Asker: 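Just passing along the structure, written as structure tokens.
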Amino acid sequence: MSNSWQATIFTLFPEMFPGPLGISLLGKALSNNLWSLEVRDIRDHGLGKHRTVDDSPAGGGPGMVMRADVAAAAIDAVPRGDRPLIYLSPRGAPLTQARVRRLADGPGAILLCGRFEGLDERVIAARAIEEVSLGDFVLAGGEIAAMALIEASVRLLPGVLGAAASTQEESFSAGLLEYPQFTRPQDFEGKTIPEVLNNGNHSEIAKWRQAQSEALTRARRPDLWSLHQKGSFPFEK
Ligand code: SAH
């Protein structure tokens, strides 16, 4: 148990967890202690009778900002060890498969979920918090982003997925999008499975898949394609 991958979440909505993380293979891995989930209610460190966690933004403007002292008290109550401390934030570095792989190879992660207009800037510096974004869009809170980060990391842990090999070949692992997949029936609404996949010639199949991956990546993700051509893609370990 002590050397399993440890996630700690700070949230104002602990009832959102484990939610989807308790389902299917991740849920089974959670029951089997391949990873652990500790959920901490930030409001436990709120101030006064109303357990206040936020206040209006200095300088004015709409909404509320999470207080630095409350966030710091919550963070400081948990032993960090060697785990990275991450604030899910649209201003952060966009999450990549390479970062996920490094997280999965480490001891776990401590994740701070924002709400409202965000978090007082001072606590980010004071606790050396890393900011990570799920993408260039704005969520209502950090919880779903935290779940996505955890799901992506935990599925890479040994023993969580059935076939370990399937995480090596999939999209991004080699800097390319994955080739198209097919299964029965052989004929779906008049469309058949590409002949090469039926002939059992593994080297031809591998060649076809590689060509498909390259064509898809070139067409859909010119950004990834140009990195791939330079031989420097950000998706390796
Ligand atoms: N006013 C902020 C957005 C706050 S959204 C801004 O413009 O940057 C409220 C919370 O949702 C944030 O504190 C953050 O924890 C979470 N959040 C929103 N979008 C996110 C994203 N793309 N990735 C990760 N977390 C996000």
Side-chain angles (χ1 to χ4, degrees), residues 5-22 26 35 37-47 50-78 80 83-104 106 108-156 171-172 221 223-224 234-235:
W5 200 85
Q6 278 185 293
T8 296
I9 314 271
F10 294 106
T11 174
L12 289 169
F13 299 98
E15 66 275 22
M16 287 178 77
F17 294 89
L21 300 175
L26 267 78
W35 67 289
L37 180 63
E38 177 190 25
V39 183
R40 295 276 186 143
D41 191 343
I42 298 169
R43 201 168 293 283
D44 290 346
H45 300 273
L47 306 172
H50 300 292
R51 302 235 151 256
T52 303
V53 298
D54 58 348
D55 212 324
S56 47
M64 301 292 270
V65 174
M66 192 181 294
R67 293 176 57 119
D69 50 358
V70 172
I75 290 165
D76 293 346
V78 167
R80 185 167 167 179
R83 292 183 294 167
L85 173 55
I86 294 172
Y87 168 48
L88 284 312
S89 155
R91 303 189 321 176
L95 188 59
T96 63
Q97 189 65 15
R99 182 75 180 101
V100 165
R101 172 64 70 180
R102 284 200 306 277
L103 285 166
I110 304 179
L111 305 174
L112 177 58
C113 302
R115 281 273 158 178
F116 332 118
E117 289 308 314
L119 184 58
D120 187 305
E121 188 71 22
R122 293 168 294 178
V123 72
I124 299 176
R127 294 297 180 273
I129 302 176
E130 177 187 346
E131 292 181 73
V132 170
S133 170
L134 201 56
D136 292 338
F137 46 82
V138 181
L139 298 164
E143 287 79 7
I144 287 178
M147 287 177 191
L149 182 152
I150 290 175
E151 179 165 311
S153 303
V154 167
R155 68 186 286 284
L156 296 180
S171 290
F172 304 129
R221 294 291 301 273
D223 55 327
L224 296 185
F235 301 108

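Owing to the predicted nature of the structure, the values given are computational and were not obtained by experimental measurement. Whatever order the structure lists ligands and atoms in, that order sets their numbers, starting from 1. Just the heavy atoms: all of them, side chains too, but no hydrogens, waters or symmetry mates, feed the values below.
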Asker: List for me each residue that meets side chain to side chain contact (heavy atoms under 4.5 Å, CB included) alongside S133, sequence neighbours excluded, and say none if there are none.
Answerer: none
Asker: Please say whether more than 12 non-hydrogen atoms of neighbouring residues, nucleotides or ligands are located less than 6.0 Å from CG in D136.
Answerer: no
Asker: Is there a donor-acceptor pair closer than 3.5 Å between any side-chain N or O of R83 and the backbone N or O of G108?
Answerer: no
Asker: Would you say R80 has more than 12 foreign heavy atoms packed within less than 6.0 Å of its CZ?
Answerer: yes
Asker: As an exercise, state the distance from CH2 of W35 to CG of L26, rounded to the nearest 0.5 Å.
Answerer: 6.0 Å
Asker: Using a cut-off of 6.0 Å, state whether more than 12 heavy atoms not belonging to L156 lie near its atom CG.
Answerer: yes
Asker: For a quick check: using heavy atoms under 4.0 Å, what are the residues in contact with ligand 1, sorted by chain and number?
Answerer: Y87, L88, S89, P90, G114, R115, F116, E117, G118, V132, S133, L134, G135, F137, V138, L139, A140, G141, G142, A145
